[in-house]
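For reference, the structure discussed in these notes is given below.
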Amino acid sequence: MADTYDFNSIERKWQDYWQERSLFHVERREDRPKFYYLDMYPYPSGELHMGHVRNYIIGDAFARYRTMQGFNVLHPMGWDSLGLPTENAAIKYDMHPVEWTEQCVRNMKQQFAKLGISYDWSREIDTSSPEYYGWTQWLFLQLYKNDLAYRGPGLVNWCPDCQTVLANEQVVSGCCERCDATVERTDREQWFFRITDYAEKLLGDLELLDGWPERVVRMQEHWIGKSEGFSFTLQVEDHDAEMEVFTTRIDTVYGVTFMVLAPEHPLVETLTEGTEFEEPVREFCQRAMAESVIERTSEETEKHGIFTGAYATHPLTGERVPIWVANYVMMDYGTGAIMAVPAHDQRDFEFARKYEIPIIPVIQPEGEELVGETMNESYIGDGEQINSGEFSGQPNREALEQIADHMEAEDIGRRDVNYRLRDWCISRQRYWGAPIPVIYCEECGTVPVPEEDLPVELPEDVDFSVTGNAPLSQVAEFMNVECPECGGPAKREADTMDTFVYSAWYYLRFPSPHEDEAPFNKDDVEYWLPVDQYVGGIEHATGHLMYSRFITKVLHDLGWVSFREPFASLFTQGMVYKDGAKMSKSRGNVVSPDALNEKYGTDTGRLYSLFVGPPDQDTEWSDEGVVGSHRFLWRVWRLATEHMDAWDGQLADLLPEDGTEAQREMRRNTHQTIMKVSDDFEGMRFNTAIAAIMELSNDLTDFVGSMDADDAADRAVFSEGVRALVMLLSPIAPHICDELWARMGEEPSLFERDWPEADESLAEEESITIVVQINGKVRDSIDVPAGTDMDDVVEMALGREKVAKYVEGNEIAKTIKVPDKLINLVVK
RNA sequence: GCCGGAGUGGCGGAACUGGCAGACGCACCAGACUCAAAAUCUGGCGGGGCUCAACACCCCGUGCGGGUUCGAAUCCCGCCUCCGGCACCA
């Protein structure tokens, strides 16, 4: 009687074995190709559930596969422990973030160990350690010195609950992505990274990213939001002022009947000051600005505005154009001011109708005659240019170019490009972050902290309960310093950096995590980077992934790295649902890996997580399905242990040269499965790889049922299949496979063995089933030796009763022959 | 509105560039083993028709309506529904 599958002790045993032998530790080596596999690192949280864990299982299966294939695989893990998410969690559980982080990291490491994940822990990174964030401060200084970091006023997103500003990327449908509070817009001095300087490179280099999912590329493209058009300046009548506008439709410039400023626009005050319009306009603006971001940007929101009393001069016609303020113009896109062409823009149209402003069509659609007074909606299509002076009478697209040429020649404006992307606001008025390494001196102004004084350490004893002001500003010992330049009294910057700054370069730290002379060792980075496969959630499409690309490009331009893109290939895993909702602690539908381990072992959880569906698609977790995966491991266990064979010498010597039909078929299945599984692993199609492994297991069960236990050839054929099965399954369920491997008398660990190679000649089919169709409907099938001439197959088919039935009395109009697949007889 | 993705049995999902739809697994049904149950093993399992029944055979079937093709889950056109992203973007 075979032993039982005691998964708990087996898993403990092999985890110890791997750890004792430091199996997962990697170093640079030139004799193998490198492969850098990176999972997005987590921030410390109380409990991992299977929804999170699936990501790491995908990564582990793939990293193990690549290792067995002979790659030198870097597979590291770290903690995104510094920043708002951690601080909020710590506050919630009434702990200091240091304590919270320590506790979570301890827990999570243990969970990873129990899952059997092959991380090289000698490379562990903790962003809240001064060694790490000191180099993040160094990074800040590099950007500062190169004019890519600046402090300036800006309309920023303010979360009233988190009491801090948020980057645009952290605002989701007008709400804080972390706490869901409605975000407010305020004017505050903040630190920014000039990511907009890199808009063009970030956009252009998207085409280098073949290994990225289409939708992520599209999302970034849209986020950058390039639009090409024309910018020009108008003089304001009776004021020493001018206003600049941007348009994509300069061909409609003769149709301008009013101008609009955003309520926040600084010109609003200038134009109305001391006039009868001052009071009502100010009142209007205050009301408009009080509207939340959501109300303000919804298309349903009624457009409203007010006349400022001022006029601009049309640059081409010289006509007086009234200047309005309206809620539908946004300060943070373009110049915060627009030229309004009601005849050819729906928003302007609605506004003009409401306030009885003239509508002048300047583009005539073919076969129609637009009249401003009777139009029901704006016309945004192409047509013939009219009412446009010398440019009338030609197609508007041509007129557009000519008007642009003309205005450029007259020095009224220029062809211009506008981006939706905003500079990256990186300062936070919160405690748990890296202090921005800047000192304010009364004499010298803003002084960067000298590099040799880094890190600027975050003091631990700080009251960080939510206040709205940077908690560090309360800590005198921290704030008061000598100016590094003049030695006079000075104060530190009290704001800290955003979480996303640390994660924008962590992948560069893993190759040399203990480097203390530089942020990273250049040679190590050149060896390992770019990341060959990066895996994480789609929610980082426009945040973290954009920031990381930006930082890499900056470091490239400053000569620190040779590559322009950090992640060659990106894989976005799907989310796990249970009972119809996304698995999450707050919904109470989580499946804990610990409970699963206890009951079925981690190999079962790993197997099921990969079998449940394609890893890049969302999926529904089923507790019954887990049982099925567990049963399969039991079947494999019995199959291998009940017919255990240890070999003296080489298995290959015992395999039959030719063998019986059953033997040939078994070997064919074995080798076909190796091919199929290898191919599926390559595309991370673990679900179909597992299905193929299950089929091989079923085939082996059939084979062993009719095999002659005394026949050496039969036993060898069977053993070949079982050995292949165990090897193919090992990246997915490594513990049981190492145990079976060792029991078969082979040398563990499979992690160090070579991935099996298929013998293609053995995998080849001997006989093939040809489908016979009549008029495209399947009527029969014929087994023939592989490679049979299709004309012969047609002959055979015509001789068959089933086929003759349909052909008889009809004419065969056409015969379609697909070699080794099918024939289709078209009869009339 | 724009950009992605998806829609296939009771369920999760297969079907690589058009070629036997439903692999693999779950659930379910029947049988074997058992005093019994669990576990395990064997078989069945899209819908309908024909048939005493089985084998066989026939028809229908991949969100809906068209089309291309000898042949469509797959390609094209027009819709519907769901999910994700962006959105008064000038």
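As the structure is a computational prediction, the values presented were derived from the model and not from experiment. We name chains A, B, ... by the order of the sequence lines, and we start the count at 1 in each one.
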Encode nucleotides 43-48 of chain B as B, S and - characters from 5' to 3', where the letter depends on protein heavy atoms closer than 4.0 Å: B to the base, S only to sugar-phosphate, - to neither.
------
Separation of A/Y333 atom OH from B/C89 atom C1', in whole Å?
4 Å
Which residues satisfy the side-chain hydrogen bond (donor to acceptor under 3.5 Å, both in side chains) test with A/R631, sequence neighbours excluded?
none
Using atom names, set out every protein N or O paired with an N or O of nucleotides 23-26 of chain B below 3.5 Å, distance rounded to 0.1 Å.
{"from": "B/A23", "atom 1": "O2'", "to": "A/E695", "atom 2": "OE2", "distance (Å)": "3.3"}
{"from": "B/G25", "atom 1": "OP1", "to": "A/N698", "atom 2": "ND2", "distance (Å)": "3.3"}
{"from": "B/C26", "atom 1": "OP1", "to": "A/R631", "atom 2": "NE", "distance (Å)": "3.3"}
{"from": "B/C26", "atom 1": "OP1", "to": "A/R631", "atom 2": "NH2", "distance (Å)": "3.0"}

Sequence-distant partners of A/R414, side-chain hydrogen bond (donor to acceptor under 3.5 Å, both in side chains), two or more places apart
A/E244, A/D416
Output yes when A/E228 and A/R415 qualify as a salt bridge under the 4.0 Å nitrogen-oxygen rule, no when they do not.
no
What is the distance from CD of A/E539 to C1' of B/G4, rounded to the nearest Å?
16 Å
What nitrogen or oxygen pairs link the protein and nucleotides 69-74 of chain B at under 3.5 Å?
{"from": "B/C70", "atom 1": "OP1", "to": "A/K814", "atom 2": "NZ", "distance (Å)": "3.0"}
{"from": "B/C70", "atom 1": "O2'", "to": "A/N824", "atom 2": "ND2", "distance (Å)": "3.2"}
{"from": "B/C70", "atom 1": "O2", "to": "A/N824", "atom 2": "ND2", "distance (Å)": "2.2"}

Could you list the protein-to-nucleotides 56-58 of chain B atom pairs, N/O on both sides, closer than 3.5 Å?
{"from": "B/C57", "atom 1": "OP1", "to": "A/K802", "atom 2": "NZ", "distance (Å)": "3.3"}
{"from": "B/C58", "atom 1": "OP1", "to": "A/R779", "atom 2": "NH1", "distance (Å)": "3.2"}
{"from": "B/C58", "atom 1": "OP1", "to": "A/Y806", "atom 2": "OH", "distance (Å)": "2.7"}

If only side-chain N and O atoms of A/T619 are considered, is one of them under 4.0 Å from the OP1 or OP2 phosphate oxygen of B/G13?
yes
Counting the atoms with a prime plus P, OP1 and OP2 as sugar-phosphate, which does A/P213 contact under 4.0 Å by heavy atoms, base, sugar-phosphate, or nothing?
nothing
Can you list everything that forms a salt bridge (charged side-chain N to carboxylate O under 4.0 Å, His left out) with A/D348? Sequence neighbours excluded, please.
none
Quick one: A/Q346 CD to B/A90 P, roughly how many Å, whole number?
15 Å
Please tabulate, for side-chain N and O atoms in residues 691-704 of chain A, each donor-acceptor pair with protein atoms closer than 3.5 Å (sequence neighbours left out).
{"from": "A/D699", "atom 1": "OD2", "to": "A/N669", "atom 2": "ND2", "distance (Å)": "3.2"}
{"from": "A/T701", "atom 1": "OG1", "to": "A/S697", "atom 2": "O", "distance (Å)": "2.8"}

List the residues meeting side chain to side chain contact (heavy atoms under 4.5 Å, CB included) with A/D783, not counting sequence neighbours, and say none if there are none.
A/S767, A/T769
Map every base of RNA chain B to its dot-bracket character, where paired means a Watson-Crick or G-U wobble contact with both distances under 3.5 Å and | marks a partner outside the strand.
(((((((..(((......[....))).(((((.......))))).((((.......))))..(((((..]....))))))))))))....
List the residues meeting side-chain hydrogen bond (donor to acceptor under 3.5 Å, both in side chains) with A/Q346, not counting sequence neighbours, and say none if there are none.
A/E350, A/S378
Is the distance from OP1 or OP2 of B/C89 to the nearest side-chain N or O of A/R347 less than 4.0 Å?
yes
What pairs meet the salt bridge (Lys or Arg N to Asp or Glu O under 4.0 Å) rule with one or both residues in residues 536-546 of chain A, with sequence neighbours excluded?
none
Over how many whole Å does the gap from A/K303 atom NZ to B/C88 atom P extend?
10 Å
